[in-house]
Structures are given as structure tokens and as C-alpha cells.
Amino acid sequence: MTPLRTDLTVLTVPAFKDNYLWLIHDGINAAVVDPGDAAPILQALQAHGLTLTAILLTHHHADHIGGVPRLLEHAGVPVFGPRSDGIDAVTVPLGEGDRVAVPGLDLELAVLDVPGHTLGHIAYVRDAPDEPWLFCGDTLFGAGCGRLFEGTPAQMADSLGKLAALPDATLVYCAHEYTLSNLRFAEAVEPGNKALQMRIENDNRARGAGLATVPSNIAIEKATNPFLRTTEPGIAESLVAAGKLAPGADALTTFAALREWKNVF
Ligand SMILES: [Zn+2]
């Protein structure tokens, strides 16, 4: 059986200094992920002649939910979001194992719990084999990961492990353009990583041309993102050499030390 494929597009909508809001559409209807600001979304809807049919939220921070009230004035759509991240506007609470049939679109998303950045943070996965997507909010970034505002290193390491286990081709739609700054840290941690050197070249070229470095994919992140590579001996060696880690530490201690180092890098 070959199901009919409706072509879906993901529009990159920049907001604030370095946020990306994601607008998923089929040319008629659209769902927005993490609308921190309503104005650029309303503008994009109008420019492309789209009707808003759903709002999807990953966590409670203002730069991810700030635009929700104004969007709801514009269109009374369901608001999907984490069950336990304290967001009043959520009308369809979600957690690990839930699946979302996105209203108005031929799109199904699976939900993962990814605590760490916030305690209730969730991620959305389109597990279609032809074009898998991940909307991971502030959990996984290009060559980096979110700060641990609420969760523990163990929670974040576990959450990143779930994302790293997704298929290599999964496009990573994270919520910020932090890649170049993350790559500078990654290079300090893993100076001998050839895939990382190639990524630094590519992403610098992209930013130089005014392009987004996002989405990347899971294969690229596994090859270059130090937070997904804490079992590589070179990473622990760099931490030890920098005086950030005692020799012989396990992967979780290494992860915690790596996150600490990035905070002050
Ligand atoms: Zn956040």
C-alpha cells in the first residue's frame, strides 16, 4: 500500500535575536512550533496565504510561548504542549508515548519527554521514514545542548540519548541559532575531529551568506556535537587537560563537567 503523500514544508521564521519559530504547512493550513512572538508568525501566515490550525509548544520559557495569546485572538486553535511544564494555555497536554495528529495537516508527531533544560520539556518527532523531523526546543542545539535551568545532568544526558537514538536522517529543528558559538566550544574540546572541522567550515560559510545552520541532522550531531560524544576518550582527555575533570571519570560525570565548562567558556 502506498499512502498518498501531502507535501509539507517547514518555514524558518526568525524572531528576537537568535530564535527560530517553525511554521509547518501544506500550502493551505499551518501549525507553529514555539511561537515566542506572534508578529512574525502572523506576517508569515499572511505572506503565504496560510490558515493557522495548531500551536505546538516544547517548554514554558517566554521566548517559546510569548506569542500564544495573540495568536489565539487571531485563531482559536488547539494548543499542544507538555503536561507538566506549567503552561496555562495548553489545551492538549502531552507526555512520552503520546502521538499528535496535527489538525489541518497530514502530519503525525510522536512525543518524547526530554527533561533537563526545564523539567517538563517535550520534543516532537515526525517518524515518517521518508523525511523524519525532530522539534527539540532548547534540548539539542546545533553542536550543543540547552542549559540545565531545572533538571540534572543525568536527566539531560538521558534526554539527549533519546534524541541521538533517532534515525541518522532526522532533521533537527532546534529553537536557536547558537551553532557557531557551540562549534567554537566543540573545537576546543575535540580539536582532532575531522567531521567537526568540516562542519565549522560549512556552517561559517552558511552564516556568512546569511543562511540558517538549522536544521542539521542526527548523523551530523552524533559526529560533531560534544554533548552526544562524551564516551569519546578525547573529550574526557580535553576536560582533564583543562582541569575540569579528574582522570578515570564515567560518561555521566564527563557530561556534567562538559556542560559546566560550556557555561563559562
Ligand atoms: Zn528555553
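Worth saying up front: this structure is predicted, and the values here are computed from it rather than measured. Sequential numbering from 1 along the given sequence is applied to the chain's residues. Each ligand, and each atom within it, is numbered from 1 in the order the structure gives.
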Looking only at the side chains, is there a donor atom on one of H121 and D113 sitting less than 3.5 Å from an acceptor on the other? no
Ignoring hydrogens and geometry beyond distance, is a side-chain donor-acceptor pair present between T179 and D203 at under 3.5 Å? no
Just wondering, more than 12 heavy atoms not from N263 lying within 6.0 Å of its CG? yes
ring-ring contact (aromatic ring centres under 6.0 Å, His included), paired with F185, selected from F141, W261, Y178: W261
Report the name of the N/O/S atom of D138 located nearest to the Zn ion (ligand 1). OD2
Proximal heteroatom of H61 relative to the Zn ion (ligand 1) (N/O/S): ND1
Using 2.8 Å as a strict upper limit, say whether an N, O or S atom of H117 approaches the Zn ion (ligand 1) that closely. yes
